[in-house]
Amino acid sequence: MAIVGSLQNFTEFWESFAVISEVQPRIQALLDMEELTEPAQPKHTDKADMQMKDVHFGYGDSEIIHGISFTAKTGSVTAFVGPSGSGKSTLAKLIARFWDVQEGSITIGGHDVKEFTCDSLLKNMSMVFQNVYLFHDTIENNIKFGCPDATHEQVVEAAKKACCHDFISALPQGYDTVIGEGGSTLSGGEKQKIACASADAIHPDIFVLDEPSSNLDIATIEDLIGVIRHWQSEKKTVIVAEHRLYYLVPYADRILYMTNGSIT
């Protein structure tokens with residue numbers, strides 16, 4: 001009977017062993033990756049124009065971005081539209097230098113992104129991802145995550161621009177309300193607005209939005225358009241990767257349609 005009990009325990013943990021044997025090599029491969037190179041004397045720029053020149057990129061031996069070239073001028077809104085898998089989100093991540101391009105170049109203010117440190121690059125650029133993740137902390141601390149020295153007045157200003165000040169003020173603790181892990185206590189639209197406020201609080205010159213309208217209702221999308229229009233009025237450069245064409249038309253200066261990693 002003692003042997004049977006031990007075998008029962010073993011079978012319960014067998015699934016965990018299988019998961020560990022599958023996941024551990026992936027984690028080790030991530031830890032073994034080379035760090036992105038950073039220059040000893042990084043460049044600095046106060047310009048917000050962004051340009052891609054004949055960019056090629058792929059994962060392993062499979063190329064998924066094929067010779068993309070375009071220019072996003074200061075104060076303009078450039079939108080990438082296309083079906084899932086066309087390469088929109090990959091381009092957004094390449095602009096922020098999550099990876100290095102394999103051919104071609106990406107420049108900001110006339111300087112290759114490789115000439116900036118990661119910190120200096122992201123001080124001039126804010127990203128709002130498709131899947132917003134908020135921390136188990138107050139709303140105020142989530143908004144000023146990228147700029148911990150921001151004052152309460154600056155946080156409120158960013159929230160007003162992102163159309164979330166009203167619903168935050170209506171909460172019992174206001175900006176001191178603690179959000180559940182991952183933003184579980186908020187709706188998808190509320191999380192998206194707080195993410196936009198956090199992006200704005202850094203006061204970047206460039207905003208990169210990756211599928212910002214995903215899982216949003218029409219009313220929240222209208223609020224999001226208002227946020228983008230506000231950034232336009234401040235002469236910020238906005239780059240949007242989006243699969244919905246119809247709501248981009250009113251405000252985008254340029255719409256690039258992508259298919260299979262190319263601008264068609």
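On a predicted model such as this, the values are computed, not experimentally measured, just so you know. Residue numbers run from 1 in the order of the sequence given.
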Chemist: Between Asp205 and Lys236, is there a side-chain heavy-atom distance shorter than 4.5 Å?
Modeler: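 Of all side-chain heavy-atom pairs linking Asp205 with Lys236, at least one is under 4.5 Å.
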
Chemist: Could you tell me which non-hydrogen atom of Ile106 sits nearest to which non-hydrogen atom of Met50, and how far apart they are?
Modeler: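 For Ile106 versus Met50, the nearest heavy atoms are CG2-SD, 3.8 Å.
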
Chemist: Does atom CZ of Phe145 have more than 12 heavy-atom neighbours from other groups under 6.0 Å away?
Modeler: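 No - once you tally the heavy atoms of other residues, nucleotides and ligands closer than 6.0 Å, there are 12 at most.
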
Chemist: Indicate yes or no for a side-chain donor-acceptor contact from Ser21 to the backbone of Ala18 under 3.5 Å, with no hydrogens or angles considered.
Modeler: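 Side chain of Ser21 to backbone of Ala18, a donor-acceptor pair under 3.5 Å: yes, one is there.
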
Chemist: Quick check on the hydrophobic clustering: are Ile239 and Phe116 connected, directly or via other members, by side-chain heavy-atom contacts under 4.5 Å?
Modeler: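 Per the 4.5 Å side-chain linkage, Ile239 and Phe116 are co-clustered.
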
Chemist: Examine distances only and state if a side-chain atom of Thr237 and a backbone atom of Ala48 form a donor-acceptor pair shorter than 3.5 Å.
Modeler: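 A pair under 3.5 Å: yes.
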
Chemist: If the plane angle is over 60° it's perpendicular, under 30° parallel, otherwise tilted; pick one for Tyr133 and Phe135.
Modeler: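 Taking Phe135 first and then Tyr133, their aromatic rings stand perpendicular (interplane angle over 60°).
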
Chemist: Measure the CG-CD distance between Asp137 and Glu181 for me, rounded to the nearest 0.5 Å.
Modeler: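 Nearest 0.5 Å value for the CG-CD distance: 10.0 Å.
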
Chemist: Treating Ile, Leu, Val, Met, Phe, Trp and Tyr as nodes and any side-chain heavy-atom pair under 4.5 angstrom as an edge, say whether Leu36 and Met127 lie in one connected cluster.
Modeler: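 They do not share one cluster, since no chain of ILVMFWY contacts under 4.5 Å joins Leu36 to Met127.
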
Chemist: More than 12 non-hydrogen atoms from neighbouring residues, nucleotides or ligands closer than 6.0 Å to CD on Glu15, yes or no?
Modeler: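 No - once you tally the heavy atoms of other residues, nucleotides and ligands closer than 6.0 Å, there are 12 at most.
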
Chemist: Measuring from atom OG1 of Thr90 to atom CD1 of Ile64, what distance do you get when rounded to the nearest 0.5 angstrom?
Modeler: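 Between atom OG1 of Thr90 and atom CD1 of Ile64 there are 4.0 Å.
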
Chemist: With a 4.5 Å heavy-atom cut-off, do Glu242 and Leu209 have their side chains touching?
Modeler: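 Side chain of Glu242 against side chain of Leu209, heavy atoms only: no contact under 4.5 Å found.
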
Chemist: Hey, is the main chain of Ser89 close enough, under 3.5 Å, to the side chain of Glu211 for a donor-acceptor pair?
Modeler: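 No, the answer is negative, given that no donor and acceptor are paired below the 3.5 Å cut-off.
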
Chemist: Side chains of Glu38 and Cys118: does their closest heavy-atom pair fall under 4.5 Å?
Modeler: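 Counting from C-beta outward, Glu38 and Cys118 do come under 4.5 Å.
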
Chemist: Just by modelled atom types, is the Met258 backbone N or O under 3.5 Å from a matching donor or acceptor in the Lys88 side chain?
Modeler: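 Absent.
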
Chemist: Of the non-hydrogen atoms in His66 and Ser262, which two are nearest, and what is the gap between them?
Modeler: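 That closest heavy-atom pairing would be CB-OG, 3.6 Å.
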
Chemist: Identify the residue among Arg254, Gln51, Lys53 that makes a side-chain hydrogen bond (donor to acceptor under 3.5 Å, both in side chains) with Thr71.
Modeler: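 The residue from Arg254, Gln51, Lys53 that satisfies side-chain hydrogen bond (donor to acceptor under 3.5 Å, both in side chains) with Thr71 turns out to be Gln51.
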
Chemist: Quick one: do the Thr138 and Asp176 side chains pair a donor with an acceptor below 3.5 Å?
Modeler: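 No, no side-chain donor-acceptor pair sits under 3.5 Å.
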
Chemist: Measure the OG-CD1 distance between Ser86 and Ile65 for me, rounded to the nearest 0.5 Å.
Modeler: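 Result: 8.0 Å between the selected atoms.
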
Chemist: Please name the pair of heavy atoms, one in Pro25 and one in Ile20, separated by the smallest distance, quoted to 0.1 Å.
Modeler: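 Scanning both residues, the minimum pair turns out to be CD-O, 4.2 Å.
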
Chemist: Determine yes or no for a side-chain-to-main-chain donor-acceptor pair under 3.5 angstrom, with Ser233 supplying the side chain and His230 the backbone.
Modeler: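 Yes.
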
Chemist: Side-chain heavy atoms nearer than 4.5 Å, only ILVMFWY residues, links allowed to pass through others: does that put Val227 and Ile221 together?
Modeler: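 Yes, Val227 and Ile221 fall within the same hydrophobic cluster.
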
Chemist: So, for Tyr175 and Ala159, which heavy atoms are closest and what is the spacing to 0.1 Å?
Modeler: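 Taking Tyr175 first and Ala159 second, the nearest heavy atoms are OH-CB, 3.2 Å.
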
Chemist: Counting only heavy atoms not in Ile3 (residues, nucleotides, ligands), do more than 12 fall under 6.0 Å from its CD1?
Modeler: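 No, CD1 of Ile3 has 12 or fewer neighbouring heavy atoms, counting only those of other groups under 6.0 Å.
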
Chemist: Parallel, tilted or perpendicular, judged at 30° and 60°: which one describes the rings of Phe17 and Phe10?
Modeler: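 Tilted, since the angle between the ring planes falls between 30° and 60°.
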
Chemist: Hydrophobic clustering (ILVMFWY, side-chain heavy atoms < 4.5 Å, transitive) - are Val113 and Phe70 grouped together?
Modeler: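 Phe70 and Val113: one cluster.
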
Chemist: Can any side-chain N or O of Thr185 pair as donor or acceptor with the backbone N or O of Ile179 at less than 3.5 Å?
Modeler: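 Looks like no, no N/O pair under 3.5 Å.
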
Chemist: From Glu157 CD over to Lys160 NZ, what is the distance, rounded to the nearest 0.5 angstrom?
Modeler: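 Reported value, rounded in 0.5 Å steps: 8.5 Å.
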
Chemist: Could you tell me whether the side chain of Asp253 reaches within less than 4.5 Å of the side chain of Gln232, counting heavy atoms only?
Modeler: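 Counting from C-beta outward, Gln232 and Asp253 do come under 4.5 Å.
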
Chemist: Just so I know, are the side chains of Leu171 and Ile139 near enough to count as touching, which here means a heavy-atom distance under 4.5 Å?
Modeler: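 Heavy-atom side-chain distance check passes, below 4.5 Å.
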
Chemist: For the atom pair CZ (Arg97) and CG (Asp112), what is the distance rounded to the nearest 0.5 Å?
Modeler: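 One finds 8.0 Å between CZ of Arg97 and CG of Asp112.
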
Chemist: State, with a plain yes or no, whether a side-chain heavy atom of Phe207 is found less than 4.5 Å away from one of Asp200.
Modeler: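 Phe207 reaches Asp200 side chain to side chain.
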
Chemist: Indicate the atoms forming the closest heavy-atom contact of Pro204 with Met125, along with that distance.
Modeler: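 Smallest interatomic distance, heavy atoms only, reads CB-N, 3.7 Å.
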
Chemist: Tell me whether Tyr59 is reachable from Ile95 by hopping between hydrophobic residues (I, L, V, M, F, W, Y) whose side-chain heavy atoms are closer than 4.5 Å.
Modeler: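 Same cluster: Ile95 reaches Tyr59 through Ile, Leu, Val, Met, Phe, Trp or Tyr contacts under 4.5 Å.
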
Chemist: Do Thr37 and Lys114 come close enough that some side-chain heavy atom pair is under 4.5 Å?
Modeler: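 The answer is no, as the side chains (C-beta and beyond) never meet within the 4.5 Å cut-off.
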
Chemist: Could you report the tightest heavy-atom contact between Gly110 and Thr107, atom names first, then the distance?
Modeler: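 Nearest heavy atoms, Gly110 then Thr107: C-CB, 4.2 Å.
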
Chemist: Hey, are the side chains of Ile68 and Leu94 touching, using non-hydrogen atoms and a 4.5 Å cut-off?
Modeler: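 Side chain of Ile68 against side chain of Leu94, heavy atoms only: no contact under 4.5 Å found.
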
